[in-house]
Amino acid sequence: MSEFVEFELDGKCVRLPIIEGTAGERAIDISTLRDQTGYITLDSGYGNTGSCESQITFIDGEKGILRYRGIPIEELAEKSSFVETAYLLMHGHLPTMIELTHFSKQLTENELIHEDMKYHFEGFPSNAHPMAILSSMINASGCFQPQVLAAHNRKTFDVQAARLLSQVRTIAAFAYRKSRGLPAIYPKPIYKYSANFLHMMFSEPYCDYELKPEVVRALDLIFLLHADHEQNCSTSTVRMVASSRASLFASTAAGVCALWGPLHGGANQAVLEMLEKIHEDGDDGSQFIVAAKDKKSKARLMGFGHRVYKNYDPRARIIKKRCDELLAALKIEDPLLDIARNLEEAALTDPYFIERKLYPNVDFYSGIIMRAIGIPVEMFTVIFAIGRMPGWIANYRETIEDRSGRIYRPRQVYQGEPLVHYVPISKRG
Ligand code: SDX
């Protein structure tokens, strides 16, 4: 297959190299296009534009394939844990027993946040959205570790990355406790990652939360399934900020802000609010589906559709199965799950959704599991952010370690006023 594409533009022959990825994706490298032709490309929403070459995650949207460092998500969901998968994403290989033990020890050693950060929590109103607290406190925690600014050397980086991954969980739990006017519950070194988070969220000073194994496993799976997803909106934001050589904490705090939007990570909260509204309206979902297809209604079937997946999101399939298992194990009958199933069934047979290849995405069922665990809806996107942290860290490292890496600075097509001159205020209309 040709290694170049050639075409004529304004009477000139243009020749651009073709790059092929290890999974067979092909791209036209346009990095010399403007020098050769004076033209740039325009691609609103970047639906056709690759921002980088990456070795971290592979998605085939047509086939519904997702692999972390080449390993299918289905195998990791069944056999791995969030911490082991985090190591895989951040270091590029599955850890040996010694590496995993060392990494787990690093997470435990770094689970406490600086005691003075408590004063920052006091400054937030009790109704502050936990995503606002999370992004602020990630940046704040960087201030207590000035060495984090030396993230460009591998040794320092590994410690800072472990610290960030561990403390994002503590910050999130403290934010939840603060929002409920409850005392902060400190992490316990005897608990593993997800169990410690549940402990910090739901224990009381006078008694520890009862850690049910099926609940701990369900939350660990939710974190694992959210751990990375190639160049999505928030990960691209992390890479954009990292390209200016800002710190790991500044870049991931920016990622939290991008994830917050209801079209991205905020969708899991929007799905639950949608299901609750449908339930309150006494609708079984069929009326809502009509509204979701009507452009004038502004309603969207949240948790459905995806820029890349034009097939069932493999994560949604895994979460749906675990959702059924958890609710059965906890003996929970959730009417919202029935509505979700009705919506999925209706949408998967409706021409509007079929023509547009709209399938359930990762956010469609995840909220039902989190609700069954007792996580409040305003914390859903925070759970997504904790899960996505290893992916952001891995993409940050890949960006700063790219020797040929340049600052991300897209071009634009100007559509504003042609040249005009300053008019003194006395002469303005
Ligand atoms: C995540 O990128 C990632 O990888 C993200 C993520 C990750 O792990 O990081 O996977 C996590 O963000 C998942 C997506 C969560 N968002 C939602 O569930 C919100 C609802 N979904 C949509 O808003 C939408 O599907 C997006 C944002 C996910 C994708 O938007 P696109 O690719 O820009 O598609 P579009 O808005 O151009 O829609 C194409 C057509 C339009 O109709 P027409 O103009 O062609 O007639 O499909 C329609 C849209 O109106 N459409 C929907 C719809 N999603 C798209 N119609 C009703 N309900 C929906 N959910």
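Just so you know, ligand 1 is whichever comes first in the structure, and atom 1 is the first atom listed for that ligand.
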Angle class for the His264/Phe384 ring planes (parallel below 30°, perpendicular above 60°, tilted otherwise)?
-> perpendicular

Start with the C-alpha distance between Asp338 and Arg341, add both sets of side-chain angles, then the distance that settles salt bridge (charged side-chain N to carboxylate O under 4.0 Å, His left out), and finish with yes or no.
-> CA-CA 5 Å; Asp338 300 335; Arg341 286 191 183 120; 3.6 Å; yes

Contact list for residues 57-76, test side chain to side chain donor-acceptor pair (under 3.5 Å), sequence neighbours left out = Thr57-Asp228

Verify whether one side chain among Glu111 and Asn196 offers a donor that lies under 3.5 Å from an acceptor in the other.
-> yes

Does Met240 offer a backbone N or O that forms a donor-acceptor pair with the side chain of Ser243 under 3.5 Å?
-> yes

Taking the side chain from Asn268 and the backbone from Ser366, do they hold a donor-acceptor pair closer than 3.5 Å?
-> no

Amino acids in close contact with ligand 1, where any non-hydrogen atom sits under 4.0 angstrom away = His229, Asn232, Leu263, His264, Ala267, Ala292, Lys295, Arg300, Leu301, Met302, Gly303, Phe304, Gly305, His306, Arg307, Arg315, Tyr352, Arg356, Leu358, Asn361, Asp363, Phe384, Arg388

